[in-house]
Amino acid sequence: MTTANVYQQRPDSGAKAESSLHQANLAGLIGKGRKNPGVRVREKKLLGHLTLRGDANDPAFAAGVNKALGLELPVALSLVAKDETSLQWMGPDEWLLIVPGGQEFAVEQALRAALAGLHISVVNVSGGQQLLELSGPKVREVLMKSTSYDVHPDNFPVGKAVGTVFAKSQLVIRHTAEDTWELLIRRSFSDYWWLWLQDAAAEYGLNVEA
Amino acid sequence: MQRYSGFGLFKHSLSHHENWQKMWRTPTPKKVYDVIIVGGGGHGLATAYYLAKEHGITNVAVVEKGWLGGGNTARNTTIVRSNYLWDESAHLYEHAMKLWEGLSQDLNYNVMFSQRGVYNLCHTLQDIRDSERRVSANRLNGVDGELLDAKQVADEIPYLDCSKNTRYPIIGATVQRRGGVARHDAVAWGFARAADALGVDLIQQTEVLGFRKENGVCIGVETSKGFIGAKRVGVVTAGNSGHMARQAGFRLPIESHPLQALVSEPIKPIIDSVIMSNAVHGYISQSDKGDLVIGAGIDGYNGYGQRGSYPVIEHTIQAIVEMFPVLSRVRMNRQWGGIVDTTPDACPIISKTPVPNLFFNCGWGTGGFKATPGSGNVFAASLAKGEMHPLAAPFSIDRFHSGALIDEHGAAAVAH
Amino acid sequence: MSQTHRLPNGGRVDRSKVLTFTFNGQQYKGYEGDSLAAALLANGVDVIGRSFKYSRPRGIYAAGAEEPNAVLQIGATEATQIPNVRATQQALYQGLVATSTNGWPNVNNDVMGILGKVGGKLMPPGFYYKTFMYPQSFWMTYEKYIRKAAGLGRSPTQNDPDTYDYMNHHCDVLIVGAGPAGLAAALAAARSGARVIVADEQEEFGGSLLDSRESLDGKPAMEWVGKVIAELKELPSVTLLPRATVNGYHDHNFLTIHERLTDHLGDRAPIGQVRQRIHRVRAKRVVLATGACERPLVYGNNDVPGNMLAGAVSTYVRRYGVAPGKKMVLSTNNDHAYRVALDWLDAGQQVVAVADARSNPRGALVEAARAKGIRILTSSAVIETRGSKHVTGARVAAIDLKSLSVASPGEWLECDLVATSGGYSPVVHLASHLGGKPTWREDILGFVPGEAPQKRVCVGGINGVYGLGDSLADGFEGGVRAASEAGFKAVEGVLPKALNQLQEATLALFHVPHEKGTARAPKQFVDLQNDVTAAAIELATREGFESVEHVKRYTALGFGTDQGKLGNVNGLAIAARSLNVTIPQMGTTMFRPNYTPVTFGAVAGRHCGHIFEPVRYTALQAWHVKQGAEFEDVGQWKRPWYFPRNGEDLHAAVKRECQAVRDSVGILDASTLGKIDIQGPDAREFLNRIYTNAWTKLDVGKARYGLMCKEDGMVFDDGVTACLADNHFVMTTTTGGAARVLQWLEIYQQTEWPELKVYFTSVTDHYATMTLSGPNSRKLLSEVTDIDLDREAFPFMTWKEGLVGGVPARVFRISFTGELSYEVNIQADYAMGVLEKIVEAGKQYNLTPYGTETMHVLRAEKGFIIVGQDTDGSMTPDDLNMGWCVGRTKPFSWLGWRGMNREDCVRDQRKQLVGLKPVDPKQWLPEGAQLVFDPKQAIPMTMVGHVTSSYAHNSLGYSFAMGVVKGGLKRIGERVFSPQADGSVIEAEIVSSVFFDPKGDRQNI
Amino acid sequence: MLHIFCPHCGELRSEEEFHASGQAHIPRPLDPGACTDAEWGDYMFFRDNPRGLHHELWNHVAGCRQFFNATRNTVTYEILETYLIGTKPQFTEQAAPLITTATREQGEKV
C-alpha cells in the first residue's frame, strides 16, 4: 500500500522556467530607477516549497522532522533557518519548508522516510508561490499601507513570520533582517501584488535588484 | 384629521404656523385591544393603518419601545423596487409597488415616492443570464423590467464608468423604471398620522418585555408599562425579531446583522436614478436634498449595535469610486448602521407561530423598506382574519422545515 | 483696496508671503498662514453664500470645524473641483479659486432671495410632506425643481488626478487634539516610551492656545507649545500628525484619521505626492482631548453677515491679524467670552457694549473689561440685529429669565459686528460614536462623555475642564494614566504655570426671547446651514414630535455638513422647553462618524482602477494575450473567453473553435480550476461524506466525477477527484468555487469530524493545466510525451505520470467536451515551455486554442452541467437528472442526503434539467428566458422553468439549449414556449439534455 | 473593526483576517436519517440570535486557517474570550454577571 504519490516534478535541466513575475519582466528593470530608493525588490524564485502537515504535539513527528531536516519545529509565528533552508510555522499543524530549487523531491522523500507511519502530509507547492524580498528604509511604510498587521519592530522582530491580509488579498510576511522582509506570494496573484507594490512605493522610489 | 394641502399651508402661514394640530395623539394604553402590533416602524404602522382602513378594526395599539419609525425605517437607503425573481416575492413586492404608487394621496402625506428607475448593473456573463432570467420572469408576472446593453447603460447613466478597461467592465444592466426612492421618515409619519386618525393608539417609549399566554395561547403583552391584553398580537420588530421570539419561547431562522449605509455632503444633482452593482458591491442614489445615499454591505457577524465595521465602508466607497470616478473628490458626511434580520433564503417570514394568536412579520433583511405598504397590507389582512393572506402564505416559517424555500440568494449564486 | 480689514500687525501669518486667490471671479490677496476665511474677512468680503432654504445672505460665522455658512466650492480646474469646503478649515494657497455654492446670478443679488422672503413663510419644517401631492403625477415635476435648488457645491465631472492611500498604525496611546490638554497628555505618554500618535485637525498644533491671551510661566503660551513639539519630535516612538482629523471612533479602539497632506499647497497634490491619507489606527489607549466648542445664543436675525461667534472673532484678530469689523457688540452669558472684548480693544477697534444675560457678573475677565471702560449691560442680551447684507445695528434689551421674556424695549446700538457666546459644548462626538450616551452637566451647561466600555481617557475641555492650568494638569494626568494602562511606566513631569483667574458660571440661556413670540419674531436661527429656526423646532413639538430624533428629522436640525456642531444643544434646549422637560430628559441624538466630512477618494485609498481588486492570471496568460484572446471575468480570474481571428466576432470564433475540437484537436487553459491535495488514512472516508457518490472502491490510478451538496441537498460544486495513492487524492473544483470548497472541507474536518485523519492543501497555483481535446489529441500528445497513450494502457478516467515536452507531468484522461481528452498538469513554472512544444507539435493537427465559451458549448452538447449556470442553489442531483451520482446506500449520512429527502425536495413537479430544442433551428433561446406551457395565457403567467444554457453557434448545426422545466423529465417530446420582450414567442421541444454522442464513443476513440 | 485574539496564533489580529461563521456549538445530528424534517430544518436554519452573549465560530482565514470559537456580546461587540474547537466557553449567559470583572482580569488578551 502506498500512502502517497510522490514524483520528481522539476525537469532535469534545460527546460524553460518562468517565475510568476516573469510577465512583469523584473529582469528588464534591474539597475533602473532612482538612486537611493526607499524600497528595493528582489525575486527569490524557483525555490523548492513544501507544505508539511503533522501533529506538533507528537514527539515522534518533531523528531522525524529534525532527523530529516536538522531543524527544530518552529513555534507559532516564527521561522527557523539553516543555510538556504527555512522552516516556517503556518498554523498549529502546518509548516512551510523552503529549500533550494531542485532539492524538494529529495527532501520530501527524506521527510516521508523519517515520518513513516505517522499521519502527515507533504505537498510540493513550488510552482504556486515564491518569495519577494523587499529591503530598504521605506519598506515598513509600504507594509503599513498594505496590511493591518502591526509591522513595528516591537511587535514584528526579525525572525517572525505571519500570515495576514495584504492589500485586498492575503499572504505571508517574513521579517528576515532589520530592513529586509519577504513576502510569500501566490502565483496567480503576483501580478496584482507587483502592481500594488509599485503604486504604494512610488513616493519612496522602488528599484529592482538581481 | 386635519387635511394637508398647498392651500392649507398658505392658510397656516397667515397665522405664523401657530395652529397646526398634532400629527398623532399620545394615548394612555387601554386594558385590552383587538390587535396589538409590537413595533412602531414602517411595517408595524402600515399594518395598523390597513387594519383600521381595510378591515374596520380600529381597537388597535402599536407598541414601540423607542420612537415611531426609529429603527430600520430611519436607517435605510429608501430604495423601492419590485423586480424580484421568484413568483412569490414578485407578487408580494409588486403588491407593495402598487400601493406605493398612490400612497401619498391615500395617506394625505407626501412620502415623496419618486420613480426615478432602479438599475442593476451586469459585469459578467452570468450576471447577464441572471438578469435575463429575472427580467423575463418579471415581465410574465406583470412587473416592468428591461435588460439594457452596455451602450444603453452608458447613454442612460451619466458619469458611470462604462469603459472596457475597468476591473469589472459593465456589460449591461436591468432597469425597473417604476422603481425609485421615497422619503423614509415620511412613510412612518404618514402611516402613523393616518392610523391615529382612524383611532389606532400609538404607544411610544414602551418596551414589550414578554408575551402572556393562557393555555398556550397568546393573550397579550407584558410591557415596561404593564400588561396590555390583546386578542391577536402581531410582532413586526425587524432586527429584534429573534429576541422577541425568544421571549415568546421559540426560535426563528433569523440572524441579526449590522447593515451600514452612508451619505455624502449635499451636492447639486449628479445621480438621477438608483444604481446598484452586485459585482463591485455598492449602490447609490441621490436624495432630494442632494446627499448621495450609498448602501454598504452586510457585516458578517451578528450584531445589535446599529453599527458595523469600517472595512465594509471602505469597500463600498471603493466600489462607488470605481463606478463613478468623478465622485472621488466628493466627501462622505455621515455613516450609520441598522440591524437587519436575515433569513437563509433572503425572503421574509410572514407567518403564524407555534403560539396561537401570535403572528410574526420579519426577516425582511436588507430589503424591508420597499415592501412597507405591501407588508403592512397583507399582515393586516392576516391578523384580521386569523388566516394568512394568499400573498403572505408562501412566506410561512414552515418552509424552513419542508424545504420549500424561496431562494432569492440562490438565484444570485455565483460559481463556475 | 486690498486687505481692508487686515490689522497693521499681529497674527501668526507670514506677511512677507503674499498669496493671490480668487473668490467668485474676483482676485484678492492674503498671506501665508491665512485660512481662506481669514483672507476673505481681511478683504472685507461679507456675503459668502446664500442659505439653503430661504436664500438669505450669509457670512463667515465661525473659525473652525463648526462653521455652518462658509461652505464653498474650491478648484481651479474641472477635475480638481471640491464641493463644500469650509473656508475656515482651508489654508490659503497661491492661486486658490473659490466660489459660492448658491446664489443666482450671484450671491450679492440672488433672485431666490426674493422668493425666500416671499415664500419663506410657506416653508415651515416638513412643508414638503404636506403639499406637492396633487395631482399624483406631478410629484416628479415638482421634485425636479426641488432637486435643482437643493445641494450645496457640485461634484467634478472629470476624473480625480490625485492619489490617496491608507496607513495602518498600532500605538499604545493615540492622542486626539493638540491643544493644551492634548499636548500635556502627549508629553506624559511619550516620555514613558510608549508609541504615541498625536493628531490634530488644524494646520498647526496648539488648539486654543493659538489665539489665547493667556501666558504660561509668564511667557506667551505658544512658546510652551513650541517647546513641547520640539521635544516630541525628538522621540522616535512619537508620530505627530497635524492637518489630521480623527473622524471615527470604531469598535475595539480602532480609529480613523483623515490627514490632508497637500491641501494647503495647491489645487492638486504635487506630482508624486499623495493628496490625502487615512490612518487606520489601533490604539491600546485613546486620549480624547477634543476640547469644547463655543455655541451662539439664538436671537432674531442672528444670521445676517457680521454676526459671529465670539471666540471666532478672537481667532481672526489674534491668529490672523484680521478685524471683521470696527464696532462690536458682544452678547454673552459667560465670562470667557469677555476676552473677545479685550482682544478687540487691543486691536484698536471699538467695543460698543457687552450685553451680559447675567445680573451681576464679577469674574476676572469681566472686571478687566470694566476696568477698560467697556459698557456692560447686565441682565441683557442682543434680541435681534438689522442689516441686509451686513449688520448695521443690534437691539439690546433686558430680559426676564424666569418667564423668558423681554423686560424692556431696549435700544438699537449701531455696530458692524455682533459677537455672540452662549457657552461651551464639549466636543463629545468621538466619545459617542460607539453609542455611549453623553451626560448633561448642569454646572457647565454641556454634555460630557458618558460611560463607555472603550479603553479611553477624556481630558480637558471635553470633560468640562476649561481653565488653562486645570486643563494642562488634567491632560498630563490622563497621559500618565493612558501610558500606564498600556503597560508603560510614567515619568514625572513639571507643567508650566498658568494664571488662575476667577471665572463665574455660565448662565442657562440658549434662546433669547423676543416680544413678538417665537413664531412671529424675526427668524431666530438655530441651525444656520439648514435654515432651522427656533420657531420650526417649536412647531415640530406642537405637531407631536416629542423625541429628539423626531424633532431633528422633521426640522433637519443638525443634518448639515457641520452636523449641527453649533446648533444641536440650542435646538435641544428649545425643544425641551417647549415640551416642558429638562435637557437631559430630552437626551441627545446619536453621534456617528464622521466628525467632519472625508474625501471618498481617501477612503477608497489605492484600491482604485487597475488595483481595485486582485486580478488572477494563469501561468499561460502571456500566451493568451499573444493569441489575441478576449477575456471573461470568472471570480477574480481573467479567463480566455474566445480567441478571435481576423476580426471574427464571438459567434464566428466559437463556431470555428468548436469545429476544430470536434474535427481535430483544441487546447484549453484549465489552470483556474481549483485543485486540492488530500492526504491521510481517512481521506477516502472523508470523500465519502463530502461527495454525493461513493469513493470506497476507487482504485489507485483512477479518477471519478463527484457532486457536492450542502446540508440542504442542493448542489453547490462538482469536479473530478483522482486517487493518487491509497491515502492520497487530488480533487478538482469549479474555478469560482475553489476557495469555498477548501473552506467547506476544513470546517467539517476541524469542527465536525476532527477524528478523521486527513489534510487538505491547495495546489491550484502549483499546477498549470492544459487540456488537449479532440480526436487527434492522442496523436498530438504522443509526439511530446513518453507516456504510453494506448487506449487500453491509458483508459478513460485514469491518470498517468510521465514527461510531456521534457517536463514531468501528471496527465488525466478525463473529458468535459465528450471528445478524447487529456489534461496535462505541470508545475506552473515550466508550463509555458511545455505549451510552446505542444503548440509546435500541434501545427500539423490544426491545434486550436479555445476559450470558456467553446468549452461551454461543447460540454452542453454533451449535457454536462456547469454549477452556477445550470444550477442556482435550489437544485438537487435528482433535479439535474444526476441521480446516478447519488450514493443511496452509503452507510454514513453524507452531506446533502438528509436535506434532499425533505418533503419539498421529493415532491412531483420539481423543476428538472432537460434539453431544449427550438422548433425553428435558427432561433436562439436567450439564456435566462422563462418558459411557459401556454403562451396565450394572461399575465401573470404560470412559469414552468427557464433556460440555463443556450447556444446557437456550435458544432451541431442547430440551436439548442438546456433548461429546467417543471416535471421536465416526464415531458420529453412535449413543447414549451418562451414569450419574448418583443412579443414574439419561441417554441421549443423538450428533449434529452445529451445532444451529441449519447453513447460516449468519442471520448474513447 | 473588531480585534480578535486567535488562540492558535496567540495574538490579537484585525477582523479583516477573519471570517465569521455563525453560531458555534451546533453539532450535526449523529443520525440524520432519524431526524424529522422539522428537526433537520432546525439544525440547518434555526439559530439563537441572542441580543447579548453569543458563542460563535470564527475562521482565521488570512492567518493560520483554523476555526475557533468566541464569546462575544452582540450589543457592545465586546469579545469576552476565544477558545478552541471542542472546548467549552468560560462565559455563558447564566454567568453573565461575572463578565465585567472577568474581562478586566483577562487584560489585553481579548
Side-chain angles (χ1 to χ4, degrees), chain B residues 4 6 9-10 13 16-18 20 22-24 67 70 104-105 109-110 114 124-125 129 132-133 136-137 140-142 167-168 185-186 265-270 288-290 310 314 317-318 321-322 325-336 402-404 407 410-411 413-416, chain C residues 82-84 121-122 124 129-133 136 143 146-147 150-152 154-157 159-160 250 519-520 539 543-544 547 549 553 561 592-593 597-601 603-604 607 612-613 633-634 734-737 867-868 872-874 902-905 926-930 939-941 946:
Chain B
Y4 290 159
L9 196 65
F10 172 72
S13 77
H16 300 267
H17 302 289
E18 285 171 329
W20 288 103
K22 274 193 190 298
M23 287 197 191
W24 47 76
W67 36 282
S104 293
Q105 294 71 32
Y109 202 86
N110 189 353
S114 175
T124 65
L125 299 173
R129 290 180 197 112
E132 169 67 36
R133 181 181 174 192
S136 166
L140 302 187
N141 267 326
R167 174 65 188 85
Y168 295 107
D185 290 330
E265 298 184 291
I267 54 174
K268 294 294 173 203
I270 186 158
D288 286 350
K289 194 164 165 280
Y310 182 69
E314 284 175 333
I317 290 178
Q318 285 154 11
V321 173
E322 180 71 4
V326 299
L327 298 179
S328 167
R329 289 170 96 88
V330 175
R331 303 187 303 177
M332 155 166 136
N333 198 23
R334 197 176 147 88
Q335 65 173 80
W336 66 91
S402 71
D407 202 346
V414 275
H416 275 282
Chain C
I82 315 168
N84 306 349
K121 278 189 150 184
L122 291 173
Y129 303 133
K130 296 173 177 165
T131 181
F132 302 132
M133 280 177 280
Q136 189 177 329
E143 194 184 30
I146 292 173
R147 285 171 82 88
L152 295 168
R154 66 180 184 85
S155 164
T157 54
N159 291 0
D160 194 340
H250 302 268
R520 291 159 194 258
L539 173 58
E543 291 195 78
S547 141
E549 282 286 353
R553 284 161 180 275
T561 64
R592 291 295 190 204
V598 180
T599 310
F600 279 150
V603 180
H607 302 277
F612 169 63
E613 262 189 15
D633 282 300
V634 184
T734 59
T735 296
V867 172
D872 63 3
S874 70
R902 287 173 298 159
E903 177 192 328
D904 191 72
C905 302
E927 289 178 341
Q930 296 287 335
I939 281 174
M941 292 195 184
H946 71 280

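Below, chain A is the first sequence line, B the second, and so on; all start at residue 1. Keep in mind that this is a model prediction, so the values were computed, not measured.
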Can you tell me which of B:H16, B:Q318, B:R329, B:E132 forms the most heavy-atom pairs within a distance under 4.5 Å of chain C?
B:R329

Checking C:E903 against B:S402: is there a side-chain donor and acceptor pair closer than 3.5 Å?
no

Do C:V598 and B:R331 come within less than 4.5 Å of each other through their side chains, counting heavy atoms only?
no

A side-chain contact here means heavy atoms from C-beta on lying under 4.5 Å apart; do B:P266 and C:T561 qualify?
yes

Do C:D633 side-chain atoms and B:Y168 backbone N/O form a donor-acceptor pair below 3.5 Å?
no

Give the ring-plane orientation class for B:Y109 versus C:Y129, where under 30° counts as parallel, over 60° as perpendicular and anything between as tilted.
parallel

Where do B:L9 and C:L122 come nearest, in terms of heavy atoms and distance?
CD2-O, 3.2 Å

Which bit of B:V330 comes within less than 4.5 Å of chain C, counting heavy atoms only: side chain, backbone, both or neither?
both

Option that, when pairs with chain C are counted at under 4.5 Å, heavy atom only, ranks first among B:A186, B:S114, B:G290:
B:S114

Tell me, do C:N84 and B:I267 make a side-chain contact under 4.5 Å, heavy atoms counted?
yes

Backbone N or O of B:R167 within a donor-acceptor pair of the C:E613 side chain at under 3.5 Å?
no

Distance-only, no hydrogens or angles: does the B:D288 side chain make a donor-acceptor pair with backbone N or O of C:E143 under 3.5 Å?
no

Pick one of side chain, backbone, both or neither for B:D185, based on which atoms fall under 4.5 Å of a heavy atom in chain C.
side chain

Looking at C:K121, is its backbone amide N or carbonyl O close enough to the side chain of B:H17 to form a donor-acceptor pair, meaning the two atoms are under 3.5 Å apart?
yes

Looking at C:A150, is its backbone amide N or carbonyl O close enough to the side chain of B:K268 to form a donor-acceptor pair, meaning the two atoms are under 3.5 Å apart?
yes

So which part of B:E322 gets closer than 4.5 Å to some heavy atom of chain C, the side chain, the backbone, both or neither?
side chain

Validation row: B:Y4, C:T131 side chains within 4.5 angstrom (heavy atoms)
no

Evaluate the side-chain proximity of B:D407 to C:D872: yes if any heavy-atom separation is below 4.5 Å, no if none is.
no

Among B:S104, B:G6, B:A137, which residue forms the greatest number of heavy-atom pairs with chain C at distances under 4.5 Å?
B:A137

Euclidean distance, B:E265 CD relative to C:F600 CZ, rounded to 0.5 Å
9.0 Å

Worked verdict on B:L140 versus C:Q930 for side chain to side chain contact (heavy atoms under 4.5 Å, CB included):
CA-CA 8 Å; B:L140 302 187; C:Q930 296 287 335; 3.9 Å; yes

Ranked by heavy-atom pairs below 4.5 Å to chain C, first place among B:G142, B:P269, B:G70 goes to B:P269

Between B:R133 and C:E927, does any side-chain N to carboxylate O distance fall below 4.0 Å?
no

To the nearest 0.5 Å, atom OG1 of C:T599 lies from atom CG of B:L327 at 12.5 Å

Looking at chain C, which one of B:M23, B:K289, B:M332 has the largest number of heavy-atom pairs inside 4.5 Å, strictly under?
B:M332

Checking B:E314 side chain against C:A604 main chain: does a donor-acceptor pair fall under 3.5 Å?
no

So, do C:V603 and B:Y310 sit near enough that their side-chain heavy atoms are less than 4.5 Å apart?
yes

Side-chain heavy-atom pair C:E543, B:K22 within 4.5 angstrom cut-off
no

